4 protein chains.
Amino acid sequence: MDRNIQVSRLDRRAVEDQEVEIVERKGIGHPDSICDGIAESVSRALSQLYLDRVGKVLHYNTDETQLVAGRAAPAYGGGEVVEPLYVLIVGRATKEYEGEQLPVDSTALAAARDYLSEAIPELEYGTDVIVDVKLGEGSGDLQDVFGEDTQQVPMANDTSFGVGHAPLTETEAIVHEAEHELNTTYHSDHPELGPDVKIMGKREGDRIDITVAAAMVDRYVDDLDDYDDAVADVREFVTELAEARTDREVHVDVNTADDYDEGSVYLTVTGTSAEQGDDGSVGRGNRANGLITPNRPMSMEATSGKNPVNHIGKIYNLLSTRIAESVTDEVDGIRDLQVRLLSQIGRPIDEPHVADAQLVTEEGLDIADIEDEVVAIVDEELANVTDVTRSVIDGDVSTF
Amino acid sequence: MDRNIQVSRLDRRAVEDQEVEIVERKGIGHPDSICDGIAESVSRALSQLYLDRVGKVLHYNTDETQLVAGRAAPAYGGGEVVEPLYVLIVGRATKEYEGEQLPVDSTALAAARDYLSEAIPELEYGTDVIVDVKLGEGSGDLQDVFGEDTQQVPMANDTSFGVGHAPLTETEAIVHEAEHELNTTYHSDHPELGPDVKIMGKREGDRIDITVAAAMVDRYVDDLDDYDDAVADVREFVTELAEARTDREVHVDVNTADDYDEGSVYLTVTGTSAEQGDDGSVGRGNRANGLITPNRPMSMEATSGKNPVNHIGKIYNLLSTRIAESVTDEVDGIRDLQVRLLSQIGRPIDEPHVADAQLVTEEGLDIADIEDEVVAIVDEELANVTDVTRSVIDGDVSTF
Amino acid sequence: MDRNIQVSRLDRRAVEDQEVEIVERKGIGHPDSICDGIAESVSRALSQLYLDRVGKVLHYNTDETQLVAGRAAPAYGGGEVVEPLYVLIVGRATKEYEGEQLPVDSTALAAARDYLSEAIPELEYGTDVIVDVKLGEGSGDLQDVFGEDTQQVPMANDTSFGVGHAPLTETEAIVHEAEHELNTTYHSDHPELGPDVKIMGKREGDRIDITVAAAMVDRYVDDLDDYDDAVADVREFVTELAEARTDREVHVDVNTADDYDEGSVYLTVTGTSAEQGDDGSVGRGNRANGLITPNRPMSMEATSGKNPVNHIGKIYNLLSTRIAESVTDEVDGIRDLQVRLLSQIGRPIDEPHVADAQLVTEEGLDIADIEDEVVAIVDEELANVTDVTRSVIDGDVSTF
Amino acid sequence: MDRNIQVSRLDRRAVEDQEVEIVERKGIGHPDSICDGIAESVSRALSQLYLDRVGKVLHYNTDETQLVAGRAAPAYGGGEVVEPLYVLIVGRATKEYEGEQLPVDSTALAAARDYLSEAIPELEYGTDVIVDVKLGEGSGDLQDVFGEDTQQVPMANDTSFGVGHAPLTETEAIVHEAEHELNTTYHSDHPELGPDVKIMGKREGDRIDITVAAAMVDRYVDDLDDYDDAVADVREFVTELAEARTDREVHVDVNTADDYDEGSVYLTVTGTSAEQGDDGSVGRGNRANGLITPNRPMSMEATSGKNPVNHIGKIYNLLSTRIAESVTDEVDGIRDLQVRLLSQIGRPIDEPHVADAQLVTEEGLDIADIEDEVVAIVDEELANVTDVTRSVIDGDVSTF
């Protein structure tokens, strides 16, 4: 098989070298991310249900969770949710297969419950948040491409497009890691930090401004002084993390909208702004690589919740990112790489219409010197396209 | 104060002496009873919330829970719910008091969750059943008649009517106790019996037919033989219970709609027919005394979920039953007693327009002989009308 | 065929002769009646849909409509609905037959829309009221007993009970007719009168008190004087209507809860209290004969919305009323007649376990003199049981 | 005032000159566009409501409409919707102002109804589609910046980013105009064409492939031949339109997924795939300029439904596009212009942190020659930022 793989010079400077760069990441507790997380958990649970029950993944699509915000009355030492959040899981799923009823709704609800208890532990399922579900019957044309035994490569039935990049710029890396570390290592020592951490990075030349909006959880905060300490701790942690990753000048601001005189601070009961009027839905936040990067081409496709067996948009977005990472991991001298995959209707998805690797090399490195190597890696990753499906089902890859 | 209490002869035979008598009780797991139970639990929880937070019960009414049935796939040894039940808690409640937000929705949901886990333990909250809530703002006119310190008697603002009876006939007693014993003592030894036990008693002359519809829980039933044993055990238990309470001829049938040849039996996953297409709502099942008794006047009023402080219909239905029981407990020789309370608009509810005790005495006993005693008891119970409110809030009295 | 028809003396006085009588009717605009009306309209529409599409009525049951009240801001000359009402149509229906999809949800919604626009014309569908629907799949066992060509009599598969009475007492007749006339002839001249007319009749001896709660529609009322006139007009109309039907003393009160000093009057935008916090559901209001009559045995069965082909409770409630009316129409000298029908499991429903006609005759008339005539009428009506189904489907009989 | 306006060379080729270009537009009948359209209509209606009632726009945000797809049974000559669509309008709104209740829910529903009847005329409101609404109370901090008399420039309270481009490339222009013309001039002569027209343009070098997915409305299509004609007509129309706008080679495909042998064609009852399992939500489709353009930086911000007075993301996305269009309208020689606006927290939004105009000029034109002109136009547009708000409220600008 001869795949159409093209390698060329990216017709712009590396993002790292552009004058102004903007990067954003909505943390796992942000209302949009909550929806992404639920949608993807539901998707994984349905894939697993189908594999367990009928040995192959049937038709479904659950990329439309909608969150309606609630209201809370936070208070130092512990407040309460006053009006529950409402989450509507929306999509299609196959509910019957060869006469057997499949519990798709219950499975979806259990997945949402388990995900929420992990991601937003202060939010009590069923009382602080109502989760409802509307999964219509799928079209009935079953997808048996991905079974226990056989893992066929599906056909493209739509013109779809995926785009990925590597390596991350310094600003991107800082924004991504800061959120991740805050929500893992930092949080384990600082329970007062809620999961709704939104980070905006703005670089102008060699100055990086990091703005963090971090929801504090009231029952771990005694008073305004305590709150002020919590904010300062976050600022210090993020500053250190950033300075370890760049030689540029770094400034970190946390919860800039606070007004201590008015007593107006970012204090929450559950650690998410969804308790305070911020609605959310799938595909409105982070792209498949976990970031929002207006300096780069982005796909509008909502990756979370889509069927990982046959949804080309999902597969191509994840795969193009994976390819970009593999290439930059293995090939030295690439400052910026952009991989685009465009589907070809009626062909297996491992044979895209075009796989397009555009790159900026370091001073002195010619594209011709690395072209073969790049093509080989792209080719191999395309050949292993079903690995993407497998790793999505296994939960080994994040979609937001 | 001079209450208008009238004692007279009931212008019919005692129900015990009528030729045909029909009695029904929907067990606590019946869809209508589930709604009654949730509505009343929500009501109690709101009363308690208001007492805890503001020292008095504010305006609310939660007598409209609607249950939409689900679907299940029962199987010997354990099946599963395929399509979750949906419960909508409906009513009015005061959500703000003197600037404080009151978590009425969360409180209602927690009450429903706790009630369901107790009443229908096999039904997993949040996955087998979705509970949603629509509590509108109440009218805003606060009710401060029932506080921690003061317990005023509220005014009647409507023409309302309550009716109660005592003593129970043999058939009534058998139906009521059979359901109660099955769902308590029997169930503790027989986990295969689900809470949805519906009992119909029909007496013609001196023959009593008891028909039991009992949902069996599949994970405690191995096969059809086991099921058949379970049915036989219920039949035996109810027969013994009935024969201990009457000298009449007793026949007991259990799950008469079963068709063993077709494999069509009353097997469920959760122990309620709500998993199998039976919807439910408040006020459609048992009356306030726990029975449906077409031989007797009944109030259409839904008692469950109503505000126990100021809803006259609720109070009068419970109070008239309590009065009837007190009178027949303390006064000998009454074969049948019917107590009716009719409100008088603009007067405290302990001064009804009329409190009407109609009775059938035993051979040889003249009403005149007991009239004073009856009047005294009725008078005292009316004077203690706020005890009804207190016992409802404390959960000491059943409303269905 | 030998039906088990029994005629006997009713072991009480005629209700007309009892000392105290209470009668109530919730008008078509009352929240509970709105639900009854929608449920029954949906039922009729589904019967018709099935007849049109497959030539017979398939399995369905739609007796569980729930109404969640809204909020309005009425104002003389015309206010507005501030928070829409929410109506949830609940039940079961067959959605597919021999491979053909049947539009049951759309049909149910269209039926609700059409009914509402007729019954509550001031309520704008889709903006003042949101109508939602949750119709689960029926059990799949199709009911082909009532088709275009064949009209088999269905089998009883449950112990079910129906009860009917005739003739109406004076108080009953006044209450029933007053609501009906107010909502038809009176309304056509008085658009200010909304459909939510609730009438309570209380007779003590020879005095009848009629209490009317009548929602006025604000855009036809200019000011408080105008409102006061509207109330006076209703009072006069009902008084005249009542006095034409009885020689007893009649007192009529209208909107007694009004407080003119406080400006608190029963003014509405849409003519129903459902815009002002009064929720509603099916089966909570009028019985099948249009009245609530605590002096008489009543069935708890919700008649509205049930499948008229195979739901015995619905059929027996309507049929027992029809029988009672036929008998009293054709046989002179009956002061009070109570007809009870009790089903016999496993037998066609025209062969009840017992059909029981109990009566009070006028002075001097012996039951033996009319027994044969009564039996013959009951027998004929039972034989024509499928006429009940037909007239329900055709909308010729009211269920609430 | 000195605004920070920067003009520089765009560090890439004009998109028109890039090798591969991808452009997409989801037509107004696409499920995502339906949500955008409803959200924006609701927004406009609320702005107008607030202006009418209190003279200024109060706090609201309605950018979260969720559409749950239905099911239909299309048929030549006219089929029917079998399972209605469900639309949930989600957001925040101020429901009370100085004691006056504001009918925000009814207003939102009426806006959705009116929009749908215009955009998807074959879809019957209230039966083919259920529209529900969950608008939480806003935060209560009123926004009085945009009133009848005063039109203050609001402060930026968030780091927000907008991006716009001009002129459109040939491919962009063709995609955008084709959808627009199909849904207006073409549709008026061809009622069989439904509003769900999705157009994908792919240019490789000098060849443009246009792929159209066009939902046909069944009641205007008699049979497969007729359908085939309808498809051919669309192909011809789009081909002519495209060829009139480019000298490049054009290929147009319409409904490529059709399989005539299987009888599987894109036939619908209502003209939208939302009747066939395609869910939708706001912000998932077209960007603010009506296109999805992966070759260009795009904002993730959902523009539709946001409050046009104080939502910087909405304003900056619309304004940056308007600026780009003004500049390219007035200044000759610009091949590609990208305008970025970045807010500055705590400053009026007409004083952005940076307004950044990057451009590619035609051969021989130096940026220095036009810089002053460009700056002047940008400055003037920024000064008139409230015009954007006004034109959004008036419905003069599209957001999707």
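Since the structure is predicted, the reported quantities are computational estimates derived from the model, not experimental observations. Sequence lines set the chain letters: A, B, ... in the order given, protein chains first and strands last, and positions in each chain run from 1.
- For A/Leu135, no part lies under 4.5 angstrom from a heavy atom of chain B.
- For chain B, the option among A/Pro84, A/Ala72, A/Gly70, A/Ala108 with the highest count of heavy-atom pairs below 4.5 Å is A/Pro84.
- For A/Val129, no part lies near chain B; criterion is any non-hydrogen pair under 4.5 Å.
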Could you list every donor-acceptor pair linking chain B to chain A (distance under 3.5 Å, backbone and side chains)?
{"unit_1": "B/Arg53", "atom_1": "NH1", "unit_2": "A/Glu80", "atom_2": "OE2", "d": "2.8"}
{"unit_1": "B/Arg53", "atom_1": "NH2", "unit_2": "A/Glu80", "atom_2": "OE1", "d": "2.7"}
{"unit_1": "B/Arg53", "atom_1": "NH2", "unit_2": "A/Glu80", "atom_2": "OE2", "d": "3.4"}
{"unit_1": "B/Arg71", "atom_1": "NH1", "unit_2": "A/Gln101", "atom_2": "OE1", "d": "3.2"}
{"unit_1": "B/Glu80", "atom_1": "OE1", "unit_2": "A/Arg53", "atom_2": "NH2", "d": "2.7"}
{"unit_1": "B/Glu80", "atom_1": "OE2", "unit_2": "A/Arg53", "atom_2": "NH1", "d": "2.8"}
{"unit_1": "B/Glu80", "atom_1": "OE2", "unit_2": "A/Arg53", "atom_2": "NH2", "d": "3.4"}
{"unit_1": "B/Val81", "atom_1": "O", "unit_2": "A/Ser106", "atom_2": "OG", "d": "3.3"}
{"unit_1": "B/Gln101", "atom_1": "OE1", "unit_2": "A/Arg71", "atom_2": "NH1", "d": "3.2"}
{"unit_1": "B/Ser106", "atom_1": "OG", "unit_2": "A/Val81", "atom_2": "O", "d": "3.3"}
{"unit_1": "B/Arg113", "atom_1": "NH1", "unit_2": "A/Glu124", "atom_2": "OE2", "d": "2.7"}
{"unit_1": "B/Glu124", "atom_1": "OE2", "unit_2": "A/Arg113", "atom_2": "NH1", "d": "2.7"}
{"unit_1": "B/Tyr125", "atom_1": "OH", "unit_2": "A/Gly126", "atom_2": "O", "d": "2.8"}
{"unit_1": "B/Gly126", "atom_1": "O", "unit_2": "A/Tyr125", "atom_2": "OH", "d": "2.8"}

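- Of the listed residues (B/Val133, B/Val131, B/Val82, B/Leu102), the one with the most heavy-atom contacts under 4.5 Å to chain A is B/Val82.
- Looking at B/Val81, both its backbone and its side chain come within 4.5 Å of chain A, counting heavy atoms on both sides.
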